[in-house]
Amino acid sequence: MANLSLRNINKIYPNGVQAVFDFNLEVKDGEFIVLVGPSGCGKSTTLRMVAGLEEISSGQLLIDNDDVTNMAPKDRDIAMVFQNYALYAHMTVYENMAFSLVLRHEDKNVIHEKVMAAAEILGLHDQLNKKPGQLSGGQRQRVAVGRAIVRQPKVFLFDEPLSNLDAKLRGSMRRELMLLHDRLKSTMIYVTHDQTEALTLADRIVCMSDGYVQQIGTPIELYDHPANLFVASFIGLPPMNFIDVQVSGGRLKNNYLDIPVPDRYQGQLDDYEGQTVVLGIRPEDIVKGNDIDFKVTLNENLGQNTLVHGYAQKKKLTCKFKEWSEYKNGDELKLSFKSEKIHLFNKTTTQVIPTK
């Protein structure tokens with residue numbers, strides 16, 4: 001196990017394109033960190049810089065207070081699990097898992113003990129004599145994880161390891177990784193574009209966009225207290241609804257909405273009087289009420305919940321009701337927002353407006 005310190009890390013390619021800007025993060029010993037964001041946001045590049053597979057253009061990387069910024073990958077005591085498994089097709093599962101230890105010339109008995117221990121953790125005992133081509137995608141990913149486990153590294157790095165699996169296998173492997181982290185107590189950094197993985201796996205999430213860190217916090221912090229419009233829109237499924245409203249005399253107004261400013265924003269909007277701000281509301285925080293006229297276009301039953309899509313005048317909204325509903329295209333409803341769940345954002349800076 002180890003702690004990591006990423007200090008003002010930048011990545012600039014020879015053609016002048018900058019992929020990562022001033023990345024700062026302190027990772028605690030045994031912490032599970034998830035880097036999340038859309039494709040091209042810099043999360044995998046950051047992970048590869050930690051692994052030593054990408055050169056750090058400027059900044060400093062420390063592992064257990066040792067500066068490893070310019071250290072070769074093999075000397076960092078880090079194990080990486082890739083998206084494409086990267087298994088040797090001609091080797092058995094046992095040989096794949098043992099390979100890094102063989103290269104180190106470790107004692108055969110020690111190698112066997114470590115491989116069998118990893119196989120026990122991952123449920124691979126019955127697969128040890130098979131070749132990767134004989135395994136399912138989930139089994140191959142477990143072998144890739146097992147190969148990392150036998151090395152007993154200071155830090156585990158995962159680069160979108162579940163993206164090649166179908167939805168059912170992704171859910172199963174996600175649970176296995178949670179159990180694995182709980183068992184090993186190891187420091188793990190995990191990259192994904194899937195916010196469900198981020199919310200379920202992470203001790204803390206690093207949300208990135210366009211090479212910049214947008215917010216760092218626990219999953220519930222990012223969900224309940226997004227720092228800006230990007231985080232609010234990216235974290236949460238379905239995404240948060242956004243509505244332009246004008247601040248006027250203690251009320252939030254537009255041509256189809258007129259509601260009082262929420263209590264926690266009282267006195268915080270004085271500088272916004274007469275200006276337009278962005279109101280954010282999550283689908284599950286829209287309830288049946290009397291503030292908005294809403295016309296249904298689509299009803300999606302999901303078992304215990306129903307997503308109801310439609311429009312308030314020309315503004316598209318998505319609601320999430322905690323019951324099975326049978327709304328049809330054209331049905332009309334009256335809706336309200338849970339006042340305590342309303343978020344307000346500066347329309348120009350996109351940053352959240354602080355509450356009192």
Side-chain angles (χ1 to χ4, degrees), residues 195 199 219-356:
Q195 45 130 331
L199 289 169
I220 195 64
E221 284 172 346
L222 268 67
Y223 192 83
D224 280 348
H225 305 287
N228 54 42
L229 284 172
F230 174 80
V231 177
S233 64
F234 192 82
I235 300 295
L237 192 67
M240 186 179 286
N241 297 284
F242 299 110
I243 301 169
D244 285 354
V245 291
Q246 187 178 60
V247 179
S248 178
R251 300 189 72 82
L252 303 173
K253 301 180 179 181
N254 60 24
N255 59 349
Y256 55 86
L257 180 69
D258 185 347
I259 59 175
V261 170
D263 288 344
R264 69 187 193 284
Y265 281 103
Q266 293 292 341
Q268 301 299 104
L269 300 180
D270 294 348
D271 293 339
Y272 292 90
E273 183 67 25
Q275 296 183 29
T276 297
V277 298
V278 180
L279 181 155
I281 189 76
R282 295 208 178 274
E284 65 268 26
D285 297 324
I286 300 176
V287 296
K288 294 166 189 175
N290 54 17
D291 294 318
I292 302 173
D293 293 320
F294 177 79
K295 183 172 284 190
V296 175
T297 58
L298 181 66
N299 189 88
E300 287 186 275
N301 283 313
L302 304 176
Q304 292 183 335
N305 301 302
T306 303
L307 297 183
V308 183
H309 308 272
Y311 288 86
Q313 291 198 17
K314 294 183 179 180
K315 177 62 182 177
K316 186 176 181 180
L317 296 176
T318 298
C319 317
K320 186 176 183 180
F321 297 142
K322 291 184 177 180
E323 72 267 359
W324 185 279
S325 302
E326 296 287 354
Y327 296 114
K328 296 179 176 58
N329 185 16
D331 285 352
E332 295 183 355
L333 304 175
K334 284 277 194 177
L335 302 176
S336 293
F337 299 156
K338 293 180 181 178
S339 180
E340 71 278 10
K341 295 294 186 178
I342 287 173
H343 305 265
L344 297 176
F345 301 89
N346 184 306
K347 188 172 175 62
T348 302
T349 67
T350 77
Q351 299 300 302
V352 71
I353 298 171
T355 58
K356 62 183 180 180

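Note: hydrogens, waters and symmetry copies are ignored here, and every other heavy atom, side chains too, is used. Position 1 is the first residue of the sequence, and the numbers go up from there.
In this structure, Phe321 CZ and Leu302 CG are separated by 13.0 Å, a value rounded to the nearest 0.5 Å. With values rounded to the nearest 0.5 angstrom, Gln195 atom CD is found 5.0 Å from Leu237 atom CG. Within the model, atoms CD1 of Ile286 and OG1 of Thr318 stand 7.5 Å from one another, a figure rounded to the nearest 0.5 Å. For the atom pair CG of Asp258 and CZ of Arg251, the computed distance is 4.5 Å after rounding to the nearest 0.5 Å. To the nearest 0.5 angstrom, Lys295 atom NZ is 5.0 Å from Glu332 atom CD. Remark: Lys253 NZ to Gln246 CD distance equals 8.0 Å, nearest 0.5 Å.
Residues Asp291 and Phe337 have side chains not in contact (no heavy-atom distance under 4.5 Å, counting atoms from C-beta outward). With a 4.5 Å cut-off on side-chain heavy atoms, Met240 and Pro226 count as touching. When side chains are defined from C-beta on, Ile243 counts as touching Leu317, because their heavy atoms get closer than 4.5 Å. For the pair Leu279 and Ile259, the minimum side-chain heavy-atom distance is below 4.5 Å.
Within a 6.0 Å radius of CD in Gln304, other residues, nucleotides and ligands contribute 12 heavy atoms or fewer. The environment of NZ in Lys322 is sparse: at most 12 heavy-atom neighbours from other residues, nucleotides or ligands sit within 6.0 Å. The number of heavy atoms from other shown groups lying within 6.0 Å of NZ (Lys315) is above 12.
Side-chain atoms of Asn254 come within 3.5 Å of backbone atoms of Asp244 as a donor-acceptor pair (strictly under, hydrogens ignored). A donor-acceptor pair under 3.5 Å is absent between the side-chain atoms of Asn305 and the main chain of Lys320, judged by distance alone. A donor-acceptor pair under 3.5 Å is formed between the side chain of Asn241 and the backbone N or O of Ile281. Formation of a donor-acceptor pair under 3.5 Å by the Gln275 side chain with backbone atoms of Asp271 is found in this model. Asn346 places no side-chain N or O within donor-acceptor distance of the main-chain N or O of Gln351, the cut-off being under 3.5 Å. Between the side chain of Ser336 and the backbone N or O of Asn290, at least one donor-acceptor pair lies under 3.5 Å. When atom types are taken as modelled, the side chain of Arg282 and the backbone of Tyr223 share a donor-acceptor pair closer than 3.5 angstrom.
Between Lys334 and Asp293, at least one side-chain N (NZ, or NE/NH1/NH2) sits under 4.0 Å from a carboxylate O, which counts as a salt bridge.
Residues Phe345 and His343 approach most closely at CE1-CB, 3.6 Å, considering heavy atoms. Of all non-hydrogen atoms in Cys319 and Leu335, the two that sit nearest each other are SG-CD1, 3.6 Å. Across all non-hydrogen atoms, the minimal contact from Leu199 to Ile235 is CD2-CG2, 4.0 Å. Nearest approach of Lys338 to Val287, heavy atoms of both residues: CE-CG1, 3.7 Å. Nearest approach of Glu323 to Thr306, heavy atoms of both residues: O-OG1, 2.6 Å. For the pair Ala227 and Val231, the tightest heavy-atom approach, listed with the atom from each and the gap, is N-CB, 4.3 Å.
Residues that satisfy the salt bridge (charged side-chain N to carboxylate O under 4.0 Å, His left out) test with Asp224, not counting sequence neighbours, are absent from this structure.
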> Under the side-chain contact (heavy atoms from CB on, under 4.5 Å) criterion, do Leu252 and Leu257 qualify, and how do the steps go?
Replying inline: CA-CA 7 Å; Leu252 303 173; Leu257 180 69; 5.6 Å; no

> Run the side-chain contact (heavy atoms from CB on, under 4.5 Å) check on Val308 and Phe294 step by step: do they pass?
Replying inline: CA-CA 10 Å; Val308 183; Phe294 177 79; 3.9 Å; yes

>> For His309 and Thr297: C-alpha separation, side-chain torsions, deciding distance, then whether side-chain contact (heavy atoms from CB on, under 4.5 Å) applies.
In response: CA-CA 6 Å; His309 308 272; Thr297 58; 4.0 Å; yes

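Under the ring pair (Phe, Tyr, Trp, His ring centres under 6.0 Å) criterion, the residue pairs touching residues 225-280 are Phe230-Phe234, with sequence neighbours excluded.
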